[in-house]
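Here is the naming used below: chain letters follow the sequence lines, and residue numbers restart at 1 for every chain. Nothing here was measured: the structure is a model prediction, and the numbers come from that model.
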Number of protein chains: 2
Amino acid sequence: MFTVKQISKLAGVTPRTLHHYDEIGLLKPSRVGDNGYRYYGKESLLRLQQILFYRELDMPLDDIRKIIGRRDYDKLGALQSHKVALNKKVARLNRLIQTVDNTINHLQGDNIMSERELFKAFSEEEQEQYALEAEQLYDAATVRASNKKWKSYSAAKRESILAEGNTIYADMVAAMPSGVRSRAVQVIVERWHKHMEYFWTPKLEQLVGLANGYNDDPRFKANFDKIHPQLAEFMREAVQVYVANSRKSGSK
Amino acid sequence: MFTVKQISKLAGVTPRTLHHYDEIGLLKPSRVGDNGYRYYGKESLLRLQQILFYRELDMPLDDIRKIIGRRDYDKLGALQSHKVALNKKVARLNRLIQTVDNTINHLQGDNIMSERELFKAFSEEEQEQYALEAEQLYDAATVRASNKKWKSYSAAKRESILAEGNTIYADMVAAMPSGVRSRAVQVIVERWHKHMEYFWTPKLEQLVGLANGYNDDPRFKANFDKIHPQLAEFMREAVQVYVANSRKSGSK
DNA sequence: TTAAACCCTGACGTGACGTTAATGTCAAGG
DNA sequence: CCTTGACATTAACGTCACGTCAGGGTTTAA
């Protein structure tokens, strides 16, 4: 059993916040002493953690109460979606950072920025339009086929394939400054294209969908962010250029 | 010249917000028509962008006004620090994501979590306490010496040193799952120790300070986060173990 | 037994707008 | 010229998540 002060220290909130949460019925103490003191148990801790996650995503306390108050409330599912939401926040912040960079260059006269560009990272919108596309790409059949191919390799082979992948992404990060259209980057995209065939043999258009998936699908995005916060986004643009070019030269 | 509605669409704020900013003298229109209409010019856009960046970092509007109102206000410098602050936010979110993962495992019974762990990503604290130490480490003399040594290398040599560094950090990320005390990690720390001598020859204790610097100094931290969001923190712990062990075996 | 450190309940304050109301302005089409 | 609809204005009260007193009781360690 913890007192308000103890909880407040643990969770980084003030006692007043706990009073407030009690008042509005969001987090009631497990037990109230005869002296009126609030005592919280371990379940309260877990519930408070959930509340803080939702609050982190700017949800009104009233809505939070409604959600975690439902008797069929699914803790695990909620945590999964917290992760997705937090990843989106990270993506947004990364776009903001990109905008800061652009603005710095803009002020130094190195590039020009339209009015829209100045703010495009702030306004949400224009996200998720690729969601359907990605959904379609990662359908059950594709995933099954891809898994099968992967499992057919020896452990050593798998190691070396993963290593090759890491090298490609590392090279890509190194080449980022030269821009998505640069020869250097496009050569790496080609290596990446070849590399993908260890998993499945994508058609040219599917490459774009795959690169979109790197951005939209949290499973991938998180891993890419570890390498470089702008890598997924950069890859998407680079692959678009690559596919556009390949089509031109390939179809004549 | 833009009207309130136009600005609001561009920047993703409501007209009411612009009214409010006018009221409190944070962002006044470039011109007010005879009809009382507010008209904003391009300078206003840039100023609004700055305001939104500060707001993104949860700064009170009153403070924002004071800062950008100063006549020696440095736009570029501000943007630089926006970047640092945004990167800190990203790092925090990554820690939160890590906590979500841990909690998921915890609920599935795969690991146990202390009360502190449940919340450690929320509470800020335990950042920056090494600030002084780091300050001391990066004093002018050290930095000068380090720069001098670095400049004495040929361009090719520098390239290869940087590459070696990248390899070490990549290997470190790969070895993270085995824990800070594992043989694998400690061997890599030793390689890192050797590697550092290209820059200067740190005394054993200074290694700890250096690794702390990776966490505390935003210049380094941002770069480490690009490789892996927990790398800087992991290095700090690993180096502490390394130094403790070296002292034991070295001094007998 | 006394001080320090904790607890309680009101109740009002605050910051950044949202919302509503009542009213004026402008551009386009009939 | 007149209407209509989308814009603009000011004024003023509402909201949300607490912060901040004020006034008073309780617990613990010296």
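Qualifying side chain to side chain donor-acceptor pair (under 3.5 Å) partners for A:Glu115, counting only residues two or more places apart in sequence or in other chains: B:Lys42. Residues satisfying the salt bridge (Lys or Arg N to Asp or Glu O under 4.0 Å) criterion with A:Asp34, sequence neighbours excluded, are absent altogether. When the ring-ring contact (aromatic ring centres under 6.0 Å, His included) test is applied to B:His106, no partner is found at least two apart in sequence or on another chain. Judged as a salt bridge (Lys or Arg N to Asp or Glu O under 4.0 Å), and not counting sequence neighbours, B:Asp74 has no contacts. With sequence neighbours excluded, the residues that form a side chain to side chain donor-acceptor pair (under 3.5 Å) with A:Tyr73 are A:Gln50. Applying the side chain to side chain donor-acceptor pair (under 3.5 Å) criterion to A:Asp22, with sequence neighbours excluded, gives A:Arg38. Residues passing the ring-ring contact (aromatic ring centres under 6.0 Å, His included) test with B:Phe53, sequence neighbours excluded: A:Phe122, B:His82. Residues that satisfy the side chain to side chain donor-acceptor pair (under 3.5 Å) test with B:Arg47, not counting sequence neighbours, are absent from this structure.
In the region residues 27-38 of chain A, proximity to DNA chain C at under 4.0 angstrom, judged on heavy atoms, holds for A:Gly36, A:Tyr37, A:Arg38. In the region residues 41-64 of chain B, proximity to DNA chain C at under 4.0 angstrom, judged on heavy atoms, holds for B:Arg55, B:Pro60, B:Leu61. Residues from residues 14-23 of chain A placing a heavy atom under 4.0 Å of any atom in DNA chain C, listed by number, are A:Arg16, A:His19.
When the P atom of C:dC8 is taken as reference, atom NZ of A:Lys5 falls 12 Å away, rounded to whole Å.
Protein chain B touches strand DNA chain D; the 5'-most and 3'-most nucleotides with an atom under 4.0 angstrom of its non-hydrogen atoms are D:dC7 to D:dA12.
The side-chain heavy atoms of A:Arg65 and A:Leu27, taken from C-beta on, include no pair separated by under 4.5 Å. Under the 4.5 Å side-chain criterion, counting only non-hydrogen atoms from C-beta, A:Gln80 is not in contact with B:Val100. A:Thr3 places none of its side-chain heavy atoms less than 4.5 Å from the side chain of A:Tyr40.
B:Ser44 and B:Ser30 share a donor-acceptor pair across their side chains, judged by distance under 3.5 Å alone.
No donor-acceptor pair closer than 3.5 Å links the side chain of B:Lys9 to the backbone N or O of B:Thr14.
One finds a side-chain N or O of A:Thr3 lying less than 4.0 angstrom from the OP1 or OP2 phosphate oxygen of C:dC7.
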